[in-house]
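See structure below.
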Amino acid sequence: MSPPLVRTGAPVTRPLWLALALAVVSGPITDAAHPDQGIWPLVFVGVACVLVALRGRTFWSGALVGFVAGLSFYLVHISWASLYLGPVPWVALSTLESLFVAVGAGTIAVVYRYAGRAWPTALGRLGLVPVVVAGLWTAREAISAVWPYGGFSWGRIAFSQSESPFAPLVAWVGVSGLSFLLVWLVALAIELALWVPLPFGTFSGDARGEERYRAPLGGSARTLVAVGAVALVLVVPAWPTITEGSMRVAAVQGNSKAGYFDVRDPGDILTDNISATLPVVDDDLDVVVWPENGSDLDPLEVPQAAKALDYVSDAANAPLVVGTVTQRGDEIFNTSMLWRAGEGMLDFYDKKHPVPFGEYVPDRAFWEPFAPELIGLIQRDYTPGTTDPVFDIDGVIAGISICFDIVDDQLIHDMIDNGADVIFAQTNNADFGRTDENEQQLAITRLRAIETSRSVVNVSTVAATALLGPDGSTIGELPSFEAGALVGEVPLSTVVTPAMSLGRGIEWLVSGLGLAGLVLALTVRPRRPGQRKGPRLSPRP
């Protein structure tokens, strides 16, 4: 006789209030996995809360759960945004990102709801459902990272893992690939947790979210599968960091009043960075790196600023990389310059991804009537740059990233495609005070170092200035909110990691698997009773 078909217990469709409660708690838990708390294992708990809440739901109720989960995460995770322009942009951005989470959650709920008819076998449930769920989660992250207005990549699941055992995987599969693997592990664990220790059998379900099946694995076997999945991921060796020489760098943190609304006199920021640089000019430097907005005077327009940069470069006997604001015609740019005494500006990079509603107002005429006083505060609109993001510094190719550029996957690929041996990440965190933003950005930068196998010079106006090795290790770091210059040898590398070689292909692959699974789950029709293979399910009580 065939082993009996059993129900796993209560119906999978949980009360909406319970699902919403899980969504609410998921946000702070997931945020705690990111800096500054940095309890990285909590990311699995946070994702599990969301996925469990979505099981058996319709698209719309799943979207509601996702929206609540998104709000509970982003309102905590990016609370630092309220320090810049107040609560309206913070709430608006959190709401926008939560709408993306809502759509993604709705699609995952649909997959869970119809998985029984699309993949009626045990292999389908264990082998395909977790892949599709993780693929849809990754697709949502990928879309919101680039759209609208260039997207907002902050808060991706992978960004919580910069100092975890899973971090080395990013060199193989990139940020999207790491997010996929983390969610896949959680989704697989949930499928395994549903099963009871009965002989091998099959699964079936209905479109109402009820699940009835014979469990193919015993308790010990389920544990073995779960442990094996984690081991399979962690057994991947770290990408070998092959270096070719080094560069002696001085990263300068002027600790200036560099915020958008800070009260200061013209030239104060420039003076602060000069003062922080002078103590190390005799350290046999190859380059001096100042932060974003390191000079509040444009040396191309203000002769005194040009003379000051010449003085620093001459004293250090090295070129200077400095951030400033430039204007060409009617267009304003957030610019990083390569400057050498006696030669002036040798090269420049204009920030390609200025922050919408922070550094510029897209479609200003449309948005201004909704919040005229708030929009009016942003008087200077930066124009996106078109230059390549690298400088040739005496034969060393440095990739240049300005602030939120570091979260843009495509810009990172562009640096490596242009031959970057090292990355200079310039930023101005003064607007975010002593919030988590500083540590969150440093964590993302650390993950980029591992992903590219490049040393990163992360230099800020106030925090956190650090030298990171190509394996993500900390070579040196300055105390936050203290003026100083950090000098160190950073290894150079020309090796191309699989993540950089494959480009965005991994993201397209895993997202495509998720979307294809969604289509399949929606289009596969259940067999008629007479067409069923194997024993029939007993009628629903």
Side-chain angles (χ1 to χ4, degrees), residues 145-146 148-153 252 258 260 269-270 273 287-302 305-306 309 313 319-340 343-364 378-393 396-420 422-431 441 444-445 448 454 456-461:
V146 298
Y149 303 127
F152 185 70
S153 184
V252 178
Y260 194 84
I269 299 176
L270 174 60
N273 282 296
V287 65
V288 177
V289 185
W290 284 5
E292 176 189 19
N293 306 131
S295 173
D296 50 336
L297 300 176
D298 179 2
L300 302 180
E301 298 292 333
V302 182
L309 298 187
S313 176
L320 173 65
V321 176
V322 54
T324 189
V325 177
T326 61
Q327 185 168 355
R328 280 155 250 153
D330 294 330
E331 295 182 324
I332 300 174
F333 299 90
N334 188 345
T335 302
S336 180
M337 295 180 178
L338 175 61
W339 191 278
R340 189 188 294 272
E343 300 179 59
M345 186 178 72
L346 303 178
D347 201 351
F348 69 95
Y349 163 70
D350 295 324
K351 186 176 182 179
K352 287 190 175 182
H353 193 168
V355 180
F357 303 101
E359 293 180 305
Y360 78 107
V361 180
D363 301 319
R364 183 182 286 266
I378 308 173
Q379 299 178 2
R380 181 173 62 195
D381 285 339
Y382 287 119
T383 301
T386 57
T387 56
D388 63 64
V390 295
F391 292 162
D392 186 334
I393 305 175
V396 175
I397 306 301
I400 307 299
S401 167
I402 301 178
C403 201
F404 280 19
D405 276 353
I406 200 68
V407 302
D408 190 313
D409 291 350
Q410 189 58 53
L411 291 180
I412 302 301
H413 285 283
D414 289 347
M415 292 179 197
I416 303 304
D417 290 343
N418 279 277
V422 64
I423 295 174
F424 295 163
Q426 300 168 283
T427 185
N428 179 6
N429 305 100
D431 285 306
Q441 186 168 339
I444 295 170
T445 304
R448 292 303 193 189
R454 296 293 186 274
V456 179
V457 179
N458 192 72
V459 55
S460 170
T461 50

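A quick note: this is a predicted structure, and the numbers were derived from the prediction, not measured.
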Open item on the list: Tell me the closest heavy-atom pair linking Val459 and Val252, and the distance in Å.
Closed with: CG2-O, 3.1 Å

Open item on the list: Any heavy-atom pair between the side chains of Val325 and Tyr382 that's under 4.5 Å?
Closed with: yes

TODO: Provide the closest heavy-atom pair for Tyr149 versus His353 in the form atom of the first, atom of the second, distance.
DONE: O-NE2, 4.2 Å

- [ ] Output the distance between atom CG (Leu309) and atom CE (Met337), rounded to the nearest 0.5 Å.
- [x] 8.0 Å

Task: Min side-chain heavy-atom separation Asn293-Asn334 under 4.5 Å - done: yes

Task: Side-chain heavy-atom pair Gln410, Val146 within 4.5 angstrom cut-off - done: no

TODO: Decide side chain to side chain contact (heavy atoms under 4.5 Å, CB included) for Thr445 and Thr427; before the verdict, give the C-alpha distance in whole Å, the side-chain angles of both, and the deciding distance to 0.1 Å.
DONE: CA-CA 11 Å; Thr445 304; Thr427 185; over 6 Å; no

Open item on the list: If I compare all heavy atoms of Asn273 with all of Gly294, which pair ends up nearest, and what's the gap?
Closed with: ND2-O, 2.8 Å

TODO: Determine, step by step, whether Phe391 and Ser336 satisfy the side chain to side chain contact (heavy atoms under 4.5 Å, CB included) criterion, reporting the C-alpha distance in whole Å, the side-chain angles of both residues, the deciding distance to 0.1 Å, and the verdict.
DONE: CA-CA 10 Å; Phe391 292 162; Ser336 180; 3.8 Å; yes

Task: Heavy-atom side-chain contact between Ile416 and His413 under 4.5 Å - done: no

Open item on the list: Tell me the closest heavy-atom pair linking Gln441 and Phe404, and the distance in Å.
Closed with: OE1-CE1, 4.1 Å

Task: Note: Lys352-Asp388 ion pair, threshold 4.0 Å (strictly below) - done: no

Task: Asn429 side chain vs Thr461 backbone, donor-acceptor pair below 3.5 Å - done: no

Open item on the list: Rounded to the nearest 0.5 Å, what separates atom CD1 in Ile400 from atom CG in Asp414?
Closed with: 13.5 Å

Open item on the list: Quick check: do Asp392 and Asp347 have side-chain heavy atoms less than 4.5 Å from each other?
Closed with: no

Task: Atom of Asp298, atom of Gln327 and distance for their closest heavy-atom approach - done: OD2-N, 4.2 Å

Task: Minimum heavy-atom distance Ala306-Pro299, with the two atoms named - done: CB-O, 3.5 Å

Open item on the list: As a quick check of understanding, evaluate side chain to side chain contact (heavy atoms under 4.5 Å, CB included) for Ile397 and Asn418, giving each step before the final call.
Closed with: CA-CA 8 Å; Ile397 306 301; Asn418 279 277; 5.7 Å; no

Open item on the list: side chain to side chain contact (heavy atoms under 4.5 Å, CB included) for Lys351 and Glu292? Distances and angles first, verdict last.
Closed with: CA-CA 10 Å; Lys351 186 176 182 179; Glu292 176 189 19; 4.2 Å; yes

TODO: Measure from the side-chain N and O atoms of Thr324 to the backbone N and O of Ser295, and report whether any donor-acceptor pair falls under 3.5 Å.
DONE: yes

Task: Residue pair Glu331 / Asp350, side-chain heavy-atom distance below 4.5 Å - done: no

TODO: Identify which one of Asp405, Thr387, Thr335 satisfies the side-chain hydrogen bond (donor to acceptor under 3.5 Å, both in side chains) criterion when paired with Tyr349.
DONE: Asp405

TODO: Verify, without hydrogens or angle tests, whether Arg448 (side chain) and Ile406 (backbone) share a donor-acceptor contact under 3.5 angstrom.
DONE: yes

Open item on the list: With rounding to the nearest 0.5 angstrom, report the CH2 to CG distance, Trp339 to Leu320.
Closed with: 9.5 Å

- [ ] Would you indicate whether the side-chain heavy atoms of Ile393 and Phe424 approach each other to under 4.5 Å?
- [x] yes

